[in-house]
Amino acid sequence: MARKPMMAANWKMNKTLREAEDYAAAVIPKAEDAGGVDVAVFVPFTCLNEFARMTADTPVIAGAQNFYFEDSGAYTGEVSAPMLLDVGARAVLIGHSERREIFFESDEMVAKKTKRALDAGLIPVVCCGETKEERDSGGMWDKIQAQIKAVMDAVDGDLDPEKIIFAYEPIWAIGTGDTASPEDAQDAIGQVRGLLEELRGEGFAGSVRILYGGSVKPENIAEIMSQRDVDGGLVGGAALDVESFGELVEAAK
Ligand code: PGA
């Protein structure tokens with residue numbers, strides 16, 4: 001089955017409520033026009049309720065950037081999957097490299113969060129990727145393999161490939177302007193798909209979507225998207241401006 005392309009915006013720690021409202025109003029018509037491309041926007045918790053309310057009953061998928069795997073309790077500063085669902089989130093980023101590197105999230109934590117998101121009915125967008133040193137020293141694939149295996153070991157054997165999305169984001173390419181070459185993106189994402197085939201079979205691996213992230217912009221998206229195994233983009237900087245994000249959605253069509 002053909003995989004539906006996805007263009008996803010990751011706002012990171014940006015935008016006030018007012019800015020989120022303006023973005024929501026502007027992104028809805030772009031998503032309605034996106035024919036055949038899924039459009040997702042991952043917003044800060046403070047905007048999620050309003051952003052999800054404004055985009056409900058539109059093709060825009062409202063998502064969160066993080067959550068904790070317990071449902072409630074003494075976890076100061078955290079929010080849970082039921083809380084995200086309660087305010088209208090449909091998807092959630094898990095294991096973004098900024099969560100892993102700055103907030104010390106382990107492969108085990110990422111795996112637990114993925115399982116919880118799936119059980120709750122949120123679409124997890126599970127991120128993986130290597131540092132520059134890992135790439136240069138040849139340790140890149142060990143790292144990515146461990147990240148993916150930890151997640152797949154934790155989730156049900158009969159997982160529906162449409163309920164989960166992966167994103168390969170080389171850390172050295174995030175926010176640096178230094179995009180992976182289309183060949184490097186294809187190479188890594190092709191390997192991730194190969195690993196998923198080994199772990200879950202051809203049917204799963206052939207249908208699951210894998211995005212590329214790391215300095216995606218309107219100038220390089222077409223070449224990246226033309227790669228066989230690349231199903232879309234997870235975009236930070238170039239998605240903060242809704243017109244620029246709209247160009248990326250157009251290019252993904
Ligand atoms: P960038 O971020 O597009 O600004 O490189 C991508 C991401 O971190 O998801």
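Counting convention: from 1, in listed order, for ligands and their atoms alike. Atoms considered below: every heavy atom in the structure, side chains included; atoms not considered: hydrogens, waters and symmetry mates. Since this is a predicted model, take the numbers as computed values, not measurements.
- Between the side chains of Q147 and D107, not a single donor N or O lies within less than 3.5 Å of an accepting N or O.
- From the protein, the heavy atom lying nearest to atom 3 (O) of ligand 1 is G236 N, 2.8 Å.
- When all heavy atoms are compared, the tightest approach of K30 to G246 is CD-CA, 3.5 Å.
- I189 and L199 fall within a single hydrophobic cluster, where Ile, Leu, Val, Met, Phe, Trp and Tyr side chains are chained together by heavy-atom contacts under 4.5 Å.
- For the residue pair E169 and H96, a side-chain donor N or O sits within less than 3.5 Å of a side-chain acceptor on the partner.
- With a 4.5 Å cut-off on side-chain heavy atoms, F45 and L84 count as touching.
- Ring planes of W11 and Y23: perpendicular class, angle over 60° (limits at 30 and 60°).
- Contacts between N10 and ligand 1 below 4.0 angstrom, taking non-hydrogen atoms only, involve the side chain exclusively.
- The closest approach between any non-hydrogen atom of K217 and ligand 1 is not below 4.0 Å.
- Residues M13 and P44 fail the side-chain proximity criterion, which asks for heavy atoms closer than 4.5 Å.
- At a 4.0 Å cut-off, at least one heavy atom of G214 sits close enough to ligand 1 to count as contact.
- K163 and L118 get closest at one heavy-atom pair: O-CD2, 3.4 Å.
- Proximity to E169 (heavy-atom distance under 4.0 Å) selects the following atoms of ligand 1: 6 (C), 7 (C), 8 (O), 9 (O).
- Looking only at protein heavy atoms, the nearest one to atom 2 (O) of ligand 1 is K12 NZ, 3.2 Å.
- Close approach of ligand 1 to A173 is summarised as follows: ligand atoms under 4.0 Å from at least one heavy atom of the residue are 5 (O).
- Not a single heavy atom of C127 lies less than 4.0 angstrom from ligand 1.
- If you number the atoms of ligand 1 from 1 as listed, the ones under 4.0 Å from a heavy atom of H96 come out as 7 (C), 8 (O), 9 (O).
- Set against the non-hydrogen atoms of G175, the atoms of ligand 1 under 4.0 Å away are 1 (P), 4 (O), 5 (O).
- At least one N or O atom of G237 sits closer than 3.5 Å to an N or O atom of ligand 1.
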